[in-house]
Amino acid sequence: EHLQTQSLSIPSKSRVQYTFPELFFSKPNLWWPNGMGKQSLYNVVIVIDVIGFGESDLWSHHFGFRKIETYIDDATGGRLFKVNGERIFIRGGNWILSDGLLRLSKKRYNTDIKFHADMNFNMIRCWGGGLAERPEFYQCCDNYGLLVWQEFWITGDVDGRGVPVSNPKGPQDHDLFLFCARDTVKLLRNHPSLALWVGGNEQIPPDDINAALKIDLRLHPYFEHADENGKPIRELS
Amino acid sequence: MAEQHRKMSLDSGWLAARSTEVEFSGTQLTTTHPPPPPPTTSPIPPWMNALVPGTVLGTLVKNKVIPDPFYGLQNESIIDIAVSGREHYTFWFFTTFHCSLLENQYCDLNFRGINYYADVYLNGHEISLDKGMFRRHSLEVTDIIHPDGHNLLAVLVHPPNHPGTIPLEGGQGGDHEIGKDVTTQYVEGWDWMAPIRDRNTGIWDEVSISVTGPVKIIDPHLVSSFSDDYKRAYLHTTIELENRSLSTAECSVSIQVTTEVEDDICLV
C-alpha cells in the first residue's frame, strides 16, 4: 500500500504538475520533537521511468508524519505550539549561522544541533538577519527533534528605524525578495522539523511582501473540507 | 536529504583569484586558448586554492592571505569592502570536471546559493546569474558539455550591490545599506558581531552537476494529513515534471515509502 505507480504522458518541451493519489498509512510512526518521543522518519523515493529510455530521474527524501499547530493564546497573549495534538513547552535557542565565513559542513551542523538537543532544547529560531538555513541543517534538526522557527530576511536594516535611519520600505527589489522566499520554501518544505515561517525579526514586512507571503503560505483549500459540524474531515500536517 | 539522479558535487579542485588581477576573460579562461591554470596543489599567483562552497574571505583565510577574523582583534586588520571597493572582493572561481552524456541524457549545472550574483562561463559559453543570495540556479548545459567529458568552468562572483559602510563606533547593522539587497544582513555587524569584510560574497552553498533522462523531477511537495486521532495518516505528494525532449514522453512515475525497522532492514 505504500508503493504506487501511475502512467503519464508528457508533451515535448513542457513542464507539468502531477499529484499522486494519496497514500494511506495505518498507525504511522509519528515524528516527535526532542523529549516527546522518537523522531521517526520514512524514506520517500520517487522514480520516473520513460518508455524507450528507462529510469529518467529519481528523488528521495526523509519524511516525518507530524502535525504542528501554533496560535496566540487568548489567556496569556503568548504563542502556543502543539505537536501531534499534544501541547509542548518550547525551550528554544536563537541561531544566526554556524560560521561567519559560511564554512558550513555536515559535521559542524551535526555537532551544533546535537549540542542543542543535548541541552534539552526543542526549538531553534533562525533569525531574520542571518541565513535561511540549509537542507543539511534541517536534516540534523529532523534527526534530533529540533523544531525550526525560520524567519525571512527582514530586520532593523529595513524598517525605517535606527541611526542612521534604515530604508523604511524593506529591500529595494520586492519581487526579488518574494522570488527568494518562494524558492527557499520549495527547498525546505519537506523537512518535518520545519515548524513556522516568520516574516522577519521582531516586525512585519512591508505590506505587499507580507500579503504575498500570507497568500503563498496559506492552507491549500483541499485541506479545508469540513463535515456537517464544520470540523475538518482531515487535519493537515 | 533530497537526492537527484546521478548528482555529482563540485566541492574540490577549485581555484580563485581577484578579478582585477586576472588578465583573461571568462571565455578565455574556459577555452583552450590560452590554456587555463589547472587545479594544482601550488597554483600560480594570482590563483589560489579556493573554498567552494564558501566565501571569498573563507578562501583568503584558507590561503593565509588574511588572518582568521574570529581570533582576537584580527578582523580589524582586514580591509572592509566599504574602503576597498567592491572590486577587491569580486573574485573568479575556476574548476574543471568530467561529465560525459549518453544519447537522450540531459545535464544541469546547479548552484544552491551565490552571494550576490555571478557570470558563469562553461567551455566558453557565458550565462549570467541574477542577483539574490537565497535562490537556486539550475542551468541546463547539455549542449555545452564537451563530448570528451573534460569541462572548464569559471564563475565571476560579485558582492552585494549595497555593501554599506561601517561607522567608526560600529553598531547595529552598520549604516543599514545592506538591507537594500536580498542578502544576509548581520554582515554589517550587529550588537553581537563584528562586520564581515566581504559581506559573505561567494559561492556559499553547494555546486553540483546532475544528469537525467528526458524527464526531470522538480521540487516534490510532501504533505501529511491525519484522522481518527492520528491512527490513520495520508501522504499527499505533488511533483513537477519537465520533458526536455522533442517527443512526447510516455512515462510511469512511482512513489515508494519505506521505513527502517532495524539496521539495513526496510519495511515496504
Side-chain angles (χ1 to χ4, degrees), chain A residues 2-12 14-20 22-23 25 27-28 42-51 53 56-61 63 65 100-103 129-130 132 139 155-158 164 166-167 171-172 176-177 180 183-184 186 190 234-237, chain B residues 1-3 5 54-55 57-58 104 132 134-136 172-173 175-176 178-180 182 184-186 196 200 204 212-217 219-220 222-227 230-231 233-243 245-259 268:
Chain A
H2 302 154
L3 171 64
Q4 194 175 89
T5 302
Q6 302 287 326
S7 295
L8 283 180
S9 182
I10 306 173
S12 66
S14 67
R15 191 159 160 165
V16 300
Q17 192 177 67
Y18 175 73
T19 299
F20 283 94
E22 60 196 25
L23 287 176
F25 292 77
K27 297 180 182 173
Y42 289 78
N43 192 32
V44 178
V45 179
I46 298 171
V47 179
I48 179 118
D49 284 292
V50 177
I51 293 173
F53 179 83
S56 182
D57 201 1
L58 176 149
W59 179 91
S60 70
H61 202 284
F63 181 75
F65 285 95
L101 302 187
L102 306 188
R103 294 168 289 196
Q139 187 181 20
T155 70
D157 274 356
V158 284
S166 66
N167 183 29
Q172 286 185 335
L176 174 63
F177 184 97
C180 287
D183 202 54
T184 298
K186 287 180 179 178
N190 295 319
R234 288 209 193 110
E235 300 166 42
L236 180 71
S237 159
Chain B
M1 174 62 53
E3 290 293 343
H5 203 47
T55 65
L57 223 55
N104 225 1
F134 302 109
R135 66 189 296 175
R136 296 167 295 171
Q172 193 99 324
D175 65 355
H176 309 301
I178 195 77
K180 291 179 177 175
V182 182
T184 189
Q185 292 165 16
Y186 82 98
I196 304 294
N200 280 161
W204 70 281
T212 67
V215 179
K216 176 186 173 185
I217 300 170
D219 290 334
L222 309 173
V223 178
S224 52
S225 64
F226 303 92
S227 62
Y230 298 92
K231 292 187 184 69
Y234 299 86
L235 178 64
H236 310 263
T237 308
T238 296
I239 57 177
E240 285 186 63
L241 297 165
E242 183 181 12
N243 178 7
S245 71
L246 294 172
S247 55
T248 299
E250 302 298 336
C251 315
S252 69
V253 58
S254 64
I255 181 170
Q256 179 174 319
V257 183
T258 59
T259 184
V268 179

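Just so we're clear, the structure is a prediction, and the values are computed from it rather than from any experiment. Throughout, protein chains are lettered first and strands after them, A, B, ... in sequence-line order, and every chain is numbered starting at 1.
By the 4.5 Å heavy-atom criterion applied to side chains, A:Phe20 and B:Val253 are counted as neighbours. In this structure the side chain of B:Lys180 never reaches within 4.5 angstrom of the side chain of A:Pro171, judged on heavy atoms. Looking at B:Tyr230 and A:Phe65, their side chains never come closer than 4.5 Å, going by heavy atoms from C-beta outward.
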Q: Decide side chain to side chain contact (heavy atoms under 4.5 Å, CB included) for B:Ile239 and A:Trp59; before the verdict, give the C-alpha distance in whole Å, the side-chain angles of both, and the deciding distance to 0.1 Å.
A: CA-CA 10 Å; B:Ile239 57 177; A:Trp59 179 91; over 6 Å; no

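For the atom pair CD1 (B:Ile255) and OG1 (A:Thr5), the distance works out to 10.0 Å, reported to the nearest 0.5 Å. Within the model, atoms CD1 of B:Ile217 and OG of A:Ser56 stand 8.0 Å from one another, a figure rounded to the nearest 0.5 Å. The line from OH of A:Tyr42 to OG of B:Ser224 is 11.0 Å long, rounded to the nearest 0.5 Å. To the nearest 0.5 Å, atom CZ of residue A:Arg15 and atom NZ of residue B:Lys216 are 7.5 Å apart. Distance check: A:Phe177 CZ to B:Phe134 CZ gives 9.5 Å after rounding to the nearest 0.5 Å. The distance from atom CD of B:Glu242 to atom CD1 of A:Ile48, rounded to the nearest 0.5 Å, is 12.0 Å.
Contacts between B:Ile196 and chain A at a heavy-atom distance below 4.5 Å involve the side chain alone, from C-beta outward. Proximity to chain A (any heavy atom under 4.5 Å) is restricted, for B:Ser247, to the backbone atoms N, CA, C and O. For B:Thr237, the parts sitting under 4.5 Å from any heavy atom of chain A are the backbone and the side chain alike.
The backbone N or O of B:Gly213 sits nowhere less than 3.5 Å from a side-chain atom of A:Asp57 that would complete a donor-acceptor pair. Under a 3.5 Å cut-off, the side chain of B:His176 and the backbone N or O of A:Pro164 do form a donor-acceptor pair.
No other option in A:Ile51, A:Thr155, A:Asp49 has as many heavy-atom pairs under 4.5 Å with chain B as A:Asp49. Each of A:Asn190, A:Val50, A:Thr184, A:Asn167 has some count of heavy-atom pairs under 4.5 Å with chain B, and the biggest count is that of A:Asn190. Chosen from B:Glu240, B:Gln185, B:Lys231, the residue pairing most often with chain A at heavy-atom distances under 4.5 Å is B:Gln185.
A salt bridge does not link A:Asp183 with B:Arg135: none of the charged nitrogens is closer than 4.0 Å to a carboxylate oxygen.
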